Amino acid sequence: MSDSSSDSISLDVETIYLGGKEHIVRTRYGSVSVIVYGDQEKPALITYPDLALNHLSCFQGLFFCPEAASLLLHNFCIYHINPPGHELGAAAICSENPVPSVDDLTDQILEVLNYFGLGSVMCMGVIAGAYILTLFAIKHKERVLGLILVSPLCRAPSWTEWFYNKVMSNLLYFYGMCGVLEEFLLHRYFSKEVRGSADVQESDIAQACRRLLDERQKMNVWRFLQAVDGRPDITDGLKTLKCRTLIFVGDDSPFHSEALHMTSKLDRRFSTLVEVQACGSMVTEEQPHAMLIPMEFFLMGYGLYRPNQFSGSPRSPLSPSCIAPELLSPESMGLKLKPIKTRIASKMHGA
């Protein structure tokens with residue numbers, strides 16, 4: 001890349017995320033933190049988290065799940081892209097910098113890929129991050145091999161979401177990361193079982209997330225919220241997608257109907273919906289084990305396997321043409337009905 005050295009810088013920080021290195025990449029839309037984990041000769045998997053989250057608070061549950069980690073880390077080099085100003089220890093972004101749009105954020109992803117010299121990549125996003133990566137796939141089809149989306153959005157905000165976003169925006173602007181705002185966000189992320197109640201203690205997952213939210217710079221979150229709140233409807237663009245798509249959503253997610261809508265607009269030959277019962281929006285944290293088998297089948301079509309099954313070279317370029325549409329069908333997973341539902345044993349609380 002002829003001018004990457006003048007436009008971007010990379011800072012290695014060995015202490016982040018189990019030996020992963022943090023690269024600060026300068027783009028036209030400001031600097032962005034990218035945590036790189038694994039062998040950069042392997043195919044690339046990029047991730048993008050939801051509002052007020054970063055790679056640690058959004059994906060650590062999935063990557064700490066041993067089976068999922070062995071599947072993903074054996075086959076991919078992971079590039080965790082954090083929304084501007086959402087990385088650990090981030091300073092407040094200068095108020096004079098223009099607030100980015102969702103299009104700006106997707107263009108920023110393109111600059112990140114070019115900086116690292118990446119061609120086509122696999123993408124994994126959660127809620128707002130899923131929208132950003134879907135928009136990126138629509139705009140840059142040749143750069144995306146497949147989409148793994150968790151509680152994705154594709155329409156403009158509903159009236160309900162618009163109201164919640166306005167309340168959160170005002171809370172952020174005037175009060176920062178206050179308790180009421182954290183409750184709004186936890187409702188966005190988790191099921192009521194994880195959030196707890198007057199009779200049930202808040203789970204360790206929710207408590208850990210709350211501590212990480214306390215570290216966010218309020219105006220950095222406010223800026224990302226403005227971008228998400230101003231997103232356009234990209235439903236029509238879904239028809240132009242050529243890559244395979246695997247969608248997860250918890251049945252207790254506020255965005256459950258959004259995921260169903262998106263699934264209905266995608267080509268059924270190349271997309272699969274996995275509904276995770278007793279789960280909120282952030283399946284990556286709340287029930288990461290539910291993602292394992294669907295991801296295994298999804299990636300198997302690209303010639304990728306878990307280590308004990310792997311027979312090819314993990315450095316081989318991924319080929320989206322080699323995946324059979326039938327591989328994504330419920331029948332191929334030994335299931336009879338659509339959509340796929342996963343269930344975990346849970347103690348039923350008395351009414």
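Keep in mind that what you see is a predicted model, and the values were worked out from it rather than measured.
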Exercise. State, without any angle test, whether Ser271 and Thr245 hold a side-chain donor-acceptor pair at a distance under 3.5 Å.
Key: no

Quiz prompt | Neighbour count above 12 (heavy atom, 6.0 Å) for Gln201 CD | solution = no

Quiz item: Does Arg26 come within less than 4.0 Å of Glu111, counting only side-chain N to carboxylate O?
Solution: no

Quiz item: Under the ring pair (Phe, Tyr, Trp, His ring centres under 6.0 Å) rule, what pairs show up with a residue in residues 200-226, not counting sequence neighbours?
Solution: His86-Phe224, Tyr173-Trp222

Exercise. Give, for atom OG of Ser281 and atom CG of Leu153, the distance between the pair rounded to the nearest 0.5 Å.
Key: 8.5 Å

Quiz item: So, Ser191 versus Glu286: side-chain donor-acceptor pair below 3.5 Å or not?
Solution: yes

Quiz item: When rounded to the nearest 0.5 angstrom, what distance separates CG in Leu273 from CD1 in Ile247?
Solution: 6.5 Å

Practice problem: With rounding to the nearest 0.5 Å, note down the distance linking CE in Met282 to CD1 in Ile127. | Solution: 7.0 Å

Quiz prompt | Arg155 and Glu258 ion-paired at < 4.0 Å | solution = yes

Exercise. Quick one: which residue pairs count as a salt bridge (charged side-chain N to carboxylate O under 4.0 Å, His left out) with a foot in residues 159-179, not counting sequence neighbours?
Key: Glu161-Arg231, Lys166-Asp229

Practice problem: Looking only at non-hydrogen atoms, find the nearest pair between Ser101 and Ala227 and report the distance. | Solution: C-CB, 4.1 Å

Quiz item: So, are Arg188 and Glu182 salt-bridged, with charged N and O less than 4.0 Å apart?
Solution: no

Quiz item: Under a 4.5 Å cut-off applied to non-hydrogen side-chain atoms, are Leu181 and Leu172 in contact?
Solution: yes

Quiz item: Centroid-to-centroid, His23 to Phe116, below 6.0 Å?
Solution: yes

Exercise. Kindly give the heavy-atom pair with the smallest separation between Pro49 and Leu53, and that separation in Å.
Key: CG-O, 3.6 Å

Practice problem: Flag the pair Phe63 / His80 as yes when their ring centroid distance falls below 6.0 Å, and as no otherwise. | Solution: yes

Quiz prompt | Side-chain heavy-atom pair Leu147, Leu241 within 4.5 angstrom cut-off | solution = yes

Exercise. Kindly compute the distance separating OG1 (Thr240) from CG (Asp267), expressed to the nearest 0.5 Å.
Key: 11.5 Å

Practice problem: Take Leu62 and Met124, measure what side chain to side chain contact (heavy atoms under 4.5 Å, CB included) needs, and give me the verdict at the end. | Solution: CA-CA 11 Å; Leu62 178 64; Met124 179 186 295; 3.6 Å; yes

Quiz prompt | Intermediate values then yes/no, side chain to side chain contact (heavy atoms under 4.5 Å, CB included), Val249 and Val150 | solution = CA-CA 6 Å; Val249 67; Val150 180; over 6 Å; no

Quiz item: Roughly how far, to the nearest 0.5 Å, is the CG atom of Leu185 from the CG atom of Asp50?
Solution: 8.5 Å

Quiz item: Between Gln226 and Ser169, does a side chain to side chain donor-acceptor pair (under 3.5 Å) hold up when you go through it step by step?
Solution: CA-CA 8 Å; Gln226 300 314 297; Ser169 180; 3.0 Å; yes

Self-check item: Check: His140 ring centre within less than 6.0 Å of Phe136 ring centre
Solution: yes

Self-check item: Cationic N near anionic O, under 4.0 Å, Lys139 to Asp103
Solution: yes

Distance-only donor-acceptor hits, side chain of residues 93-100, under 3.5 Å, sequence neighbours excluded:
none

Self-check item: Lys141, NZ: over 12 other non-hydrogen atoms inside 6.0 angstrom
Solution: yes

Exercise. Could you tell me which non-hydrogen atom of Arg143 sits nearest to which non-hydrogen atom of Leu110, and how far apart they are?
Key: NH1-CD1, 3.4 Å

Quiz item: Could you state the interatomic distance from NZ (Lys218) to CZ (Arg216), rounded to the nearest 0.5 Å?
Solution: 15.5 Å

